[in-house]
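Working notes for the structure below.
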Amino acid sequence: MQDTLEFPVDIEHDGLRLIVMVIFIVLSIISSGVISAIVSANTINLIALLGGVAVAAGLTYLIEQQLKQRWKSGRKILVGDDEIQLQRRQETATTMTIEDEPFVLKWRFKINKRTRVPKGWYVVATVLEKDDEYIAVYTLMSPEAYKQFDPDTVFSMLQKPDKKVGSDSLRLAGEQRRLHKMESVRWHEGVEMTNEHFMAYVQQVDRVFGR
């Protein structure tokens, strides 16, 4: 592809998250031990515990930033003049071209439980679909950032399945079933981008496929 744009994905991949958690635990133990040796106490040394956690959090953050730059997920998305590719470790996994005329779907839903992002944030996603092949991309976005990104609500809200659907809602129900299928694809196969990269990627999808 000529004039190719490259989008990194899964910056916080599973391997990175695991090693960061291990580093935090180890540093917490070491830091608490060092502080406890300096600040003696006859009972449980809360100063050592809290201080150790605080020191470990700061050091872990610095280490995590370095790891993000050096330890890549092995996946990336390439956008050219007339096609989009998902690559895994330098090998093309999926390609969508203008000739393929893939479906482009866009949706969002609110996070109701606090995970690694605050409750109330959105999962914002888009997928290219053609003959049971998919390129699913998503980001985690605050409500404020989402309002600025999609003021016209182009990204449909994913609703809970409703078995009691009237005839006047059949079209909406069909759209929702399709979005739920794509959400399952995103859950199993989707790649995550930063907000900045996702917004730029969506613009490129619209440019390439004329949406």
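Fair warning: this is a prediction, and the values are worked out from it, not measured in the lab.
Once rounded to the nearest 0.5 Å, the distance linking CG of Asp82 with CD1 of Ile98 reads 5.0 Å. For the atom pair Lys76 NZ and His197 NE2, the distance stands at 13.0 Å (nearest 0.5 Å). Note that OG of Ser28 is 9.5 Å distant from CG of Leu59, once rounded to the nearest 0.5 Å. For the atom pair CD of Glu189 and CG of Leu86, the computed distance is 9.5 Å after rounding to the nearest 0.5 Å. Once rounded to the nearest 0.5 Å, the distance linking CG of Asp150 with CG of Asp152 reads 7.0 Å.
Between Val137 and Phe198 the shortest side-chain heavy-atom distance falls below 4.5 Å. Residues Ile84 and Ile77 meet the side-chain proximity criterion, which asks for heavy atoms closer than 4.5 Å. Contact of the Leu158 side chain with the Gln176 side chain is registered, since non-hydrogen atoms from C-beta on lie closer than 4.5 Å.
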Verdict with reasoning, Val127 to Arg186, per side chain to side chain contact (heavy atoms under 4.5 Å, CB included): CA-CA 8 Å; Val127 68; Arg186 182 204 68 84; over 6 Å; no
Stepwise salt bridge (Lys or Arg N to Asp or Glu O under 4.0 Å) test for Lys147 and Glu144: CA-CA 5 Å; Lys147 287 179 182 179; Glu144 295 77 15; over 6 Å; no
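In terms of heavy-atom proximity, Ser32 sits nearest to Gly52 at OG-CA, 3.5 Å. Looking at every heavy atom in both residues, Thr194 comes nearest to Thr139 through C-OG1, 3.5 Å. Annotation for Met193 and Pro8: closest pair CG-O, 4.0 Å, computed over non-hydrogen atoms. Heavy-atom minimum distance, Tyr138 versus Ala125: CB-CB, 3.8 Å. Closest of all the heavy-atom pairs between Leu179 and Ser156 is CD1-CB, 3.8 Å. Nearest heavy-atom pair across Val154 and Lys106 is CG1-CD, 3.9 Å.
Side-chain N or O atoms of Asp100 include one that pairs as donor or acceptor with a backbone N or O of Thr97 at under 3.5 Å. In this structure a side-chain-to-backbone donor-acceptor pair under 3.5 Å is present from Asn195 to Leu140. A donor-acceptor contact shorter than 3.5 Å links the side chain of His180 to the backbone of Gln159. Not one N or O on the side chain of Ser142 forms a donor-acceptor pair closer than 3.5 Å with the backbone of Trp121.
Phe7 pairs by the ring-ring contact (aromatic ring centres under 6.0 Å, His included) definition with Tyr201, not counting sequence neighbours.
Sorted by first and then second residue, the pairs that involve residues 127-138 and meet salt bridge (charged side-chain N to carboxylate O under 4.0 Å, His left out), not counting sequence neighbours, are Glu129-Arg178.
Cluster membership for Leu5 and Phe209, using ILVMFWY side-chain heavy atoms within less than 4.5 angstrom, is shared. Under the 4.5 Å side-chain heavy-atom criterion for ILVMFWY residues, no single connected hydrophobic cluster contains both Trp187 and Met157.
Between Tyr134 and the options Leu128, Thr94, Leu105, Val185, a side chain to side chain contact (heavy atoms under 4.5 Å, CB included) holds for only Val185.
Note on ring orientation: taking the six-membered ring where Trp is involved, the planes of Tyr146 and Phe155 are perpendicular (angle over 60°, cut-offs 30° and 60°).
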